[in-house]
Amino acid sequence: MSGHVHIIGGGLAGLSAAVELAGGSECVTVYEAGPACGGRARSYLDRHLGCRIDNGNHLLLSGNPAVYRYLGLIGAQKTLVGPSRPVFPFVDLAERLRWTLDLSRGRVPLWVLSRRRRVPGMRLAELRGLLALMDATPDMVVSDCLQPGSLSRRLLEPFAISVLNTMPDTGSAALLGAVVKESLARGGRNCLPRFPEQGLSESFVDPALAHLSVLKATVRTGSRVSAVEMDGATVTALRLGDEQVAIGERDTVIMAVPAPVASGLLAAQLPGFSAPDAFESILNVHFLLPAAPTLTGGLAQARFIGVVGGISEWVFVKDRILSVTVSAANRYDGRDTDELAALIWNEVRAAIDPAATAPLPVAMPPLRIVREKRATFAATPAQDRLRPGTRTMAANLLLAGDWTATGLPATIEGAIRSGAAAAKAVHARRGTPGRPE
């Protein structure tokens, strides 16, 4: 007799769990509170700009195994694109210096021996910082590990901010070290930059929904779970407003919502439940150009550039859209939004103009600012300790989300891994085989 898996949340963690489970012996229903699935990794039509944009920017790597497994299951692997080499263009605005980090494909980091391929001004002794990150203990912060110098200022600190969405003086060195182990330490073949050819929804959401539809899974948008009813250590029902969904003894619930939502639904029900309770924001600014710029050099190959010494951190070139990401953006909460946009536009011009065949407009073009106030949990050692595992005290209740104990920061890779882990736990509970690895 098959059971029913009720997945609360249609972000990438919930979709990952659903994709792993659909088509097997379980019936699958996804409940998404919003009008569309995808969470922080979705695209939408912006009426002000008159075009489709991503709600944020996500730079993936070729060595993200969970991402590629998920995309393979939904038939969307070829929707990610990027340069054929592990190249990362950068500009240091303060020093007016430009370079392209060109990593070695294999594990041996020959790139550090070439002045043309490495970070300008770096000393080989600074590489001890990478080793320290990989050996970091849970209580260490990133700044404890880094050596002073150009490698830290021009690469490792910006890398830490973008990966952790937390500043280096408070960000977990162990979480950043886990990413280093899966990327730089494994060689450039695992560091090829990847991003959606069209948009986040076109790569991660729409193909998943089509896949789930074919496999007869049910996806209910606009369906907010307002309460989880329990009898002792067993979930017995879900409340969706006036609707009650009974949970049978062979059914399983996967809670794949953001940490604050999970806390609101479960903290009073599960003694000892914990979840991150401090968060960092991300600021994205999307500029609409009158025409797509023609680029040269490393920027033409990569279609993005890292920015050091400014407010901007990454600028992505998406046809007519120049999309800027500012991570760990709590530090700018008190700044005027219009002032920030003007400063960022000047930084974009400084970053893009030298690599474009024609300069960008001096006047700031139409734009959309997207500020996600609780984009990720603050990736500090203290918050990392609050992250729960997949299983809970309730035998029929599992957790998923990039805020759970994935061993990684709050990333797309972590979110998808968490969904797959929840699906594996469902199969373990039921004694059924999961999808082959």
Side-chain angles (χ1 to χ4, degrees), residues 2-45 55 70 73-76 199-230 234-266 269 390 392 394 396-404 415-416 418-423 425-426 429-430:
S2 64
H4 197 133
V5 181
H6 302 267
I7 301 173
I8 307 172
L12 290 191
L15 291 177
S16 170
V19 165
E20 292 282 350
L21 291 165
S25 60
E26 313 284 340
C27 296
V28 175
T29 299
V30 178
Y31 305 90
E32 167 55 40
C37 291
R40 289 196 303 112
R42 71 185 189 279
S43 311
Y44 66 95
L45 176 63
N55 68 327
Y70 171 79
L73 290 174
I74 63 176
L200 288 167
S201 287
E202 287 82 356
S203 287
F204 289 95
V205 182
D206 297 343
L209 296 178
H211 177 81
L212 293 173
S213 176
V214 169
L215 296 180
K216 307 302 181 185
T218 301
V219 178
R220 295 178 51 176
T221 56
S223 299
R224 182 181 299 277
V225 173
S226 55
V228 176
E229 297 184 0
M230 299 184 68
T234 303
V235 178
T236 57
L238 305 177
R239 285 277 183 187
L240 290 83
D242 295 332
E243 179 186 0
Q244 178 175 291
V245 177
I247 304 300
E249 64 178 20
R250 299 181 66 83
D251 297 347
T252 306
V253 175
I254 298 176
M255 182 75 67
V257 295
V261 179
S263 294
L265 291 171
L266 299 177
Q269 306 271 35
T390 302
T392 70
N396 63 344
L397 175 63
L398 303 168
L399 302 176
D402 61 11
W403 54 275
T404 61
I416 292 175
S418 75
V426 170
R429 177 174 183 252
R430 299 275 290 111

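One-based numbering along the sequence shown. Side-chain atoms are counted along with the backbone in the values below, which use heavy atoms only and exclude waters and symmetry mates.
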Interatomic spacing from [atom1] in [X] to [atom2] in [Y] - rounded to 0.5 Å:
X	Y	atom1	atom2	result
T404	L398	OG1	CG	11.0 Å
N55	R40	CG	CZ	8.0 Å
H6	T218	NE2	OG1	10.5 Å

Legend entry - Check: S201 main-chain N/O paired with S43 side-chain donor or acceptor under 3.5 Å: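 Side chain of S43 to backbone of S201, a donor-acceptor pair under 3.5 Å: yes, one is there.
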To check you understand the geometry: which heavy-atom pair defines the closest contact between [X] and [Y], and what is its length?
X	Y	value
A22	L215	O-CD1, 3.6 Å
L240	S223	CD2-CB, 3.6 Å
T390	A422	CG2-CA, 3.7 Å
A423	A17	CB-O, 4.0 Å

Report yes if some heavy atom in the side chain of [X] is under 4.5 Å from a heavy atom in the side chain of [Y]; otherwise report no.
X	Y	value
L212	V28	no
V228	M255	yes
D251	V235	no
V245	T29	no
T236	I247	no
V257	V225	no
L15	F204	no
C37	T221	yes

Legend entry - Salt bridge present between R220 and E243 (N-O < 4.0 angstrom):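 Salt bridge present between R220 and E243.
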Inset, instruction - Apply side-chain contact (heavy atoms from CB on, under 4.5 Å) to R224 and list each qualifying residue two or more places apart in sequence or on a separate chain. - result: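 For R224 the side-chain contact (heavy atoms from CB on, under 4.5 Å) partners, ignoring immediate neighbours, are A33.
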